[in-house]
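Just so it is clear: chains get the letters A, B, ... in the order the sequence lines come, proteins before strands, and each one is counted from 1. This is a predicted model, so every value here is computed, not measured.
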Amino acid sequence: MKNYNHKEIEEKWQKKWEEDKIYEVKNPSNSSGQEKQKFYGLIEFPYPSGDGMHTGHLRSNTAMDIICRKRRMQGFNVLYPIGWDAFGLPTENYAIKMGLDPAVVTKQNTDNFRKQLKSAGFSFDWSREINTTDPQYYKWTQWIFLQFFKNNLAYKKKMTINWCPSCKIGLANEEVVDSKCERCGTSVEKKEKEQWMLAITKYAERLDKDLDEVDYLDRIKIQQRNWIGKSEGSEIEFKLVGARLPQEPGSLKVFTTRADTLLGATYVVLAPEHELIEKLKPEITNWDDIVNYIAQTKNKTEIQRTTNTSTGSVQVKTGVELKGVKVINPANNEELPIWIADYVLASYGTGAIMAVPAHDERDSEFAKKYNLPIKEIEVNDTEEGRKKMTETVGGKMVTTFKLRDWIFSRQRYWGEPIPMINCIKCGWVPVPEESLPVILPEVENYKATDTGESPLSKIDSWVNTKCPKCKGSAKRETDTMPNWAGSSWYYLRYIDPNNDQMLADIEKLKYWTPVNWYNGGMEHTTLHLLYSRFWHKFLFDIGVVPTSEPYQKRTSHGFILAENGEKMSKSRGNVVNPDQIIETYGADTLRVYEMFAAPFEQEFSWKTESIIGPRRFIEKIWKLKDKISDVPVENNLEKKVHQAIKKIGDDIETMSFNTSISHMMILANEMEKAEKINQSLYELFLKILCPFAPHVTEELWYELGHTKSIHTDTWPAYYENKIKDEKVKMVVQVNGKIRTLMEVESNMEEQEITKKALKNKDIIKWVEDKDIKKTIFVKNKLINFVVE
RNA sequence: GCCCGAGUGGUGGAACUGGUAUACACGCACGACUUAAAAUCGUGUCUCGUAAGGGAUGUGGGUUCGAUUCCCACCUCGGGCACCA
């Protein structure tokens, strides 16, 4: 037989599969009652960067490709789609630098990515390819935004935002890492800006609770739950008192999770932004100090307030007393002083706390610094204790969340225009749905402005428009959406990618949703994954999608690091290009290597030296074909094949791809020892290998005389009676130490084994002259004599 | 500080619900083939010991006939959160 030529084989079959459309999936026909069961496998669609893909990108795709190929052979109607998450800063920045249109750059990059993905032999249904920058796609992204607006979940708010002076862009909290811009590393500043917000906090409770219903890895659930930050506590009112306060003084509401410590409260603290401060101005005797302090904190972002950026540690606490007013502790009527301090956050709870220095480290630190009293008390830190105290003082139990509303405006060009129009008379008016999409206009200069306005603001002809309501002159919103927008619903569009009436047909959605299995990176757990769950729940509420959760199951892959253990990146110059690996070793080898190198969930360092192992394995499979002859099926080999069918089938379900491959290597070594191999056994081997190495198995399959693709054939079944061993190796121990092994018939009982073992010379020498006090017997595994 | 996860040969790693620790692969050494090299194939490869046997799964304890696996404490590394009251 000719030599294994990966290049020829892989190009040939990739072309043939595309011509035969074997991975294109049909929607169910409405007429027939009996439909194939569906399987929707999903990977995060790539951001087509100018650097091209690196080998790390292929890991998730390969894993899901294996799963989808197995499902197809198991008879499922499999949807495994692909597209491009193409809006975003790197493309815009690159386009600016090179003086190009971002749309042109995107086209180049997606062409390159497509070519790379095709060369790896993934079974994507390319007929459903989508692109978030396509107006026919973002029309529906804009449409969803309008629905949010109409349901009062999108609103404009003047707020201090995290501002990156280098990217000239407002950042969400999630995009700020160590008080630096996630993308460029510049220190984030504070800026006041009117921003569109999405009220994700209204869904906080459900986003937390419904995690119970989905099959996500525990660490993913835990991380989302921590991010949502649900916490049960109490709101308690403290009455205000002051020399000059009127008869009916106001009160101050604090939030606490430890109502039971109320008797230990020695002061209360307001966030510097708390609205009460201004109202109390006439009573306050040190107003200048207060104004000074507030001014100081105003210049800091929340991150600067909370974290010392140079040490990474928590800031030293500062504060100032509000002199002239006091509050009454409702539990014991004691008068307590009021302070303002920026260690209390305005955006959480009520923006005010009761300080219990004896039971809270932060309060303790603050009390010591400002010589405030510390009062030791008896506490009852149980649900009952907290409830009881809350009731006694007329407070109420409340639930709070750490989750904040989502800042949805970006002052950049390369994103979806937010479809809103500002009219002096009517205020914010949505663009009528029939006028969608609001097309992103071409601009001469894509550079962001120093004032923080989007580049779109400079195009008068686009900005100036008519109010859809009163027809008076009005202006378009010039901010664009963040790149999390298009990715929040893309999995729905694959189901019906060309629909121009709605984002996807409800009947098709009923068949295909939810996504059965979604694999992606841990870094998206609190961003994309949470955002898309939020959008999906909203779409469910307005009747657009039929399920309340988008993804039934979520798993996660470990990153592939460069050989030196660092993250792969172009700037570090340590990127391994898959094109070269595929050229030299072939896509099948690359796929097997990536799956074999380490457990799927774990990160690992790329090692080109080690690829030779998987390559030798594939060549071994290739050569085994020469051993095929019409010899009868050999029992031992048949058993090994059936054991492998079971093992590989199970391993794919748990994503234990590394052990699948080692097991197939063992089987290949076993076959190599055989003189001749019956063709049926070899074919079974090809079938369990084909999801991993689709090209070489297809070639061999056809060589064996088949005329239809192995990938449209059936997944083999194993038979329990064929995988059972008739003989087993029993471990014989004395006092827990292994003294010998005995090969015996399987299922032999204790009595017989004991008799046999005690005749064994390796055992006799350890047990003679001793009392056997106890015998431990595990069927088919071991026998252990405990002697005195 | 809090919440996840991980520590096993020279290297990546395996070991099912407590039952032969180091499978599979890389590397290395030796051998075969070759004029030679590459490729390929074969043998060996945790450690001490001539052997019988002993010791090793980050460290120290515990439970058990038996622990990489379960429990407690600690150390190191990776990830997430971080003044959320």
Side-chain angles (χ1 to χ4, degrees), chain A residues 178 217-227 229-231 233-234 254-258 261 269 302-303 305-308 312-317 341-345 347-356 359-363 365-366 400-404 522-523 525-526 558-559 561 565 592-593 596-599 601-614 616-617 619-620 623 647 650 656 658-669 672 729-741 765 773-778 780-787:
Chain A
D178 269 352
L217 292 180
D218 279 344
R219 60 195 169 114
I220 296 175
K221 286 193 186 184
I222 290 167
Q223 211 169 299
Q224 279 211 355
R225 285 216 156 98
N226 288 346
W227 185 263
K230 182 175 174 173
S231 142
S234 324
V254 304
F255 174 77
T256 179
T257 53
R258 290 293 306 277
T261 65
V269 191
E302 193 163 276
I303 295 146
R305 271 170 58 174
T306 55
T307 316
N308 184 328
S313 59
V314 165
Q315 278 291 7
V316 173
K317 292 172 185 47
D342 65 6
Y343 81 91
V344 173
L345 307 175
S347 49
Y348 183 77
T350 59
I353 61 151
M354 62 178 205
V356 186
H359 290 278
D360 185 284
E361 268 185 53
R362 296 153 302 184
D363 297 343
E365 184 196 327
F366 191 79
T400 58
F401 296 90
K402 290 183 194 173
L403 189 68
R404 313 279 174 85
M522 276 310 282
E523 76 278 18
T525 302
T526 55
F559 279 109
L561 305 171
V592 170
Y593 169 70
F596 178 61
E601 281 181 38
Q602 191 181 305
E603 64 178 25
F604 77 92
S605 294
W606 178 268
K607 209 173 168 193
T608 300
E609 187 184 61
S610 298
I611 296 176
I612 192 67
R616 284 176 189 151
F617 166 64
E619 284 179 9
K620 194 175 282 183
K623 286 181 205 151
K647 170 79 176 156
D650 292 349
S656 309
N658 55 332
T659 51
S660 300
I661 291 165
S662 73
H663 203 87
M664 286 191 279
M665 285 173 170
I666 292 169
L667 182 58
N669 293 344
E672 207 183 24
K729 271 187 189 159
M730 291 280 296
V731 174
V732 186
Q733 297 182 331
V734 178
N735 284 351
K737 292 217 183 259
I738 294 147
R739 294 307 176 188
T740 193
L741 297 176
K765 69 177 174 185
K773 287 164 71 182
K774 198 172 166 188
T775 305
I776 285 106
F777 177 74
V778 183
N780 292 334
K781 285 233 167 92
L782 115 172
I783 186 156
N784 183 12
F785 298 109
V786 184
V787 299

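If you check B/U57 for Watson-Crick or wobble pairing at under 3.5 angstrom, you find it has no partner at all. Remark: B/U35 base-pairs with no nucleotide; criterion is Watson-Crick or G-U wobble with both hydrogen-bond distances under 3.5 Å. With both pairing distances under 3.5 Å, B/U69 is matched to nothing as a Watson-Crick or G-U wobble pair. Base pairing annotation: B/G42 forms a Watson-Crick or G-U wobble pair with B/C30, both donor-acceptor distances under 3.5 Å. Here B/A52 sits opposite no nucleotide as a Watson-Crick or G-U wobble pair (both hydrogen-bonding atom distances under 3.5 Å). Figure legend. B/G78 is base-paired to B/C4; pairs are counted as Watson-Crick or G-U wobble with both atom distances under 3.5 Å. The partner of B/A85 cannot be assigned: no Watson-Crick or G-U wobble pair with both contacts below 3.5 Å exists in any strand.
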What verdict does the side chain to side chain donor-acceptor pair (under 3.5 Å) test give for A/Asn669 and A/Lys620, after you've listed the backbone C-alpha separation in whole Å, the side-chain angles of each residue and the deciding distance to 0.1 Å?
CA-CA 8 Å; A/Asn669 293 344; A/Lys620 194 175 282 183; 2.7 Å; yes
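A donor-acceptor contact under 3.5 Å is not formed by the side chain of A/Lys774 with the base of B/C65.
Between B/U8 and B/A15, the distance separating the two C1' atoms is 11 Å to the nearest Å. Rounded to whole Å, the separation between the C1' atoms of B/A23 and B/A14 comes to 5 Å. Comparing the same atom, P, in B/C74 and in B/G13 gives a spacing of 28 Å after rounding to whole Å. Taking atom P in both B/G79 and B/U63, one finds a spacing of 38 Å when rounded to whole Å. Annotation: B/G55 and B/A67 have their P atoms spaced 11 Å apart (nearest Å). Taking the C1' atoms as reference points, B/G5 lies 26 Å from B/G10, given to the whole Å. For the C1' atoms, the distance linking B/G19 with B/G9 amounts to 23 Å, nearest Å. Across B/U57 and B/U68, the matching P atoms stand 7 Å from one another, rounded to whole Å.
Counting to the nearest Å, the P atom of B/A67 and the NZ atom of A/Lys737 are 9 Å from each other. Rounded to whole Å, atom P of B/A82 lies 9 Å from atom CZ of A/Arg404. The nearest whole Å value for the distance from the CD1 atom in A/Ile220 to the P atom in B/C4 is 16 Å. The CD1-C1' distance, from A/Ile738 to B/G53, rounds to 14 Å in whole Å. The CD atom of A/Gln733 sits 8 Å away from the P atom of B/U20 (whole-angstrom rounding). In this entry the distance linking NZ of A/Lys781 with C1' of B/G66 reads 14 Å, nearest Å. If you measure from atom CG of A/Asp650 to atom P of B/C16, you get 14 Å, rounded to the nearest angstrom. Rounded to an integer number of Å, the gap from CE of A/Met522 to C1' of B/C3 is 12 Å.
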In B/S/- notation, 5' to 3', how is nucleotides 23-28 of chain B contacted by protein heavy atoms closer than 4.0 Å?
BBSSS-
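In terms of phosphate contacts, A/Tyr348 brings a side-chain nitrogen or oxygen within less than 4.0 Å of OP1 or OP2 of B/A85. Put simply, A/Gln602 has a side-chain N or O that comes within less than 4.0 Å of OP1 or OP2 on B/G13.
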Could you go through residues 601-608 of chain A and list every donor-acceptor pair under 3.5 Å that involves a side-chain atom there, pairing it with any protein atom two or more places apart or in another chain?
from, atom 1, to, atom 2, distance (Å)
A/Glu601, OE1, A/Arg219, NH2, 3.3
A/Trp606, NE1, A/Thr608, OG1, 2.8
A/Thr608, OG1, A/Glu563, OE2, 3.2

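A/Ile776 comes within 4.0 angstrom of a nucleotide base, judged by non-hydrogen atoms across all strands. Across all strands shown, A/Thr525 has no heavy atoms under 4.0 Å from either base or sugar-phosphate atoms. Heavy atoms of A/Asn784 sit under 4.0 angstrom from at least one base atom.
Closest approach to the A/Ala598 side chain among B/G12, B/G19, B/C3 is made by B/G12 (side chain taken as heavy atoms from C-beta onward). Each of B/C81, B/G78, B/G53 was ranked by its minimum atom distance to the side chain of A/Lys765; first place goes to B/G53. The side chain of A/Arg739 lies closest to B/G54 when the candidates are B/G13, B/A52, B/G54.
In terms of heavy-atom proximity, A/Gly736 sits nearest to A/Asn784 at N-OD1, 3.0 Å. Of all heavy-atom pairs spanning A/Ile220 and A/Met522, the tightest one is CG1-SD, 3.7 Å. Minimum interatomic distance between A/Asn735 and A/Val786 (heavy atoms only, all atoms of both residues): OD1-CA, 3.3 Å. When all heavy atoms of A/Ser231 and A/Thr257 are compared, the closest pair comes out as OG-CG2, 3.5 Å.
Take A/Ile738 and apply the side chain to side chain contact (heavy atoms under 4.5 Å, CB included) test, not counting sequence neighbours, and it matches A/Val731, A/Gln733. Every residue two or more places apart in sequence or in another chain that forms a side chain to side chain contact (heavy atoms under 4.5 Å, CB included) with A/Asp650 is listed here: A/Lys646. For the ring-ring contact (aromatic ring centres under 6.0 Å, His included) test, no residue two or more places apart in sequence or in another chain qualifies with A/Phe785. A search for ring-ring contact (aromatic ring centres under 6.0 Å, His included) contacts involving A/Phe401 returns nothing, not counting sequence neighbours.
In terms of position on RNA chain B, the residue among A/Lys647 and A/Lys729 whose nearest nucleotide sits closer to the 5' end is A/Lys647. Comparing A/Gly351 and A/Ser605 along RNA chain B, the residue whose closest nucleotide (by nearest heavy atom) sits nearer the 5' end is A/Ser605.
In this entry the base of B/G9 is syn relative to its sugar, with a glycosidic angle within 90° of 0.
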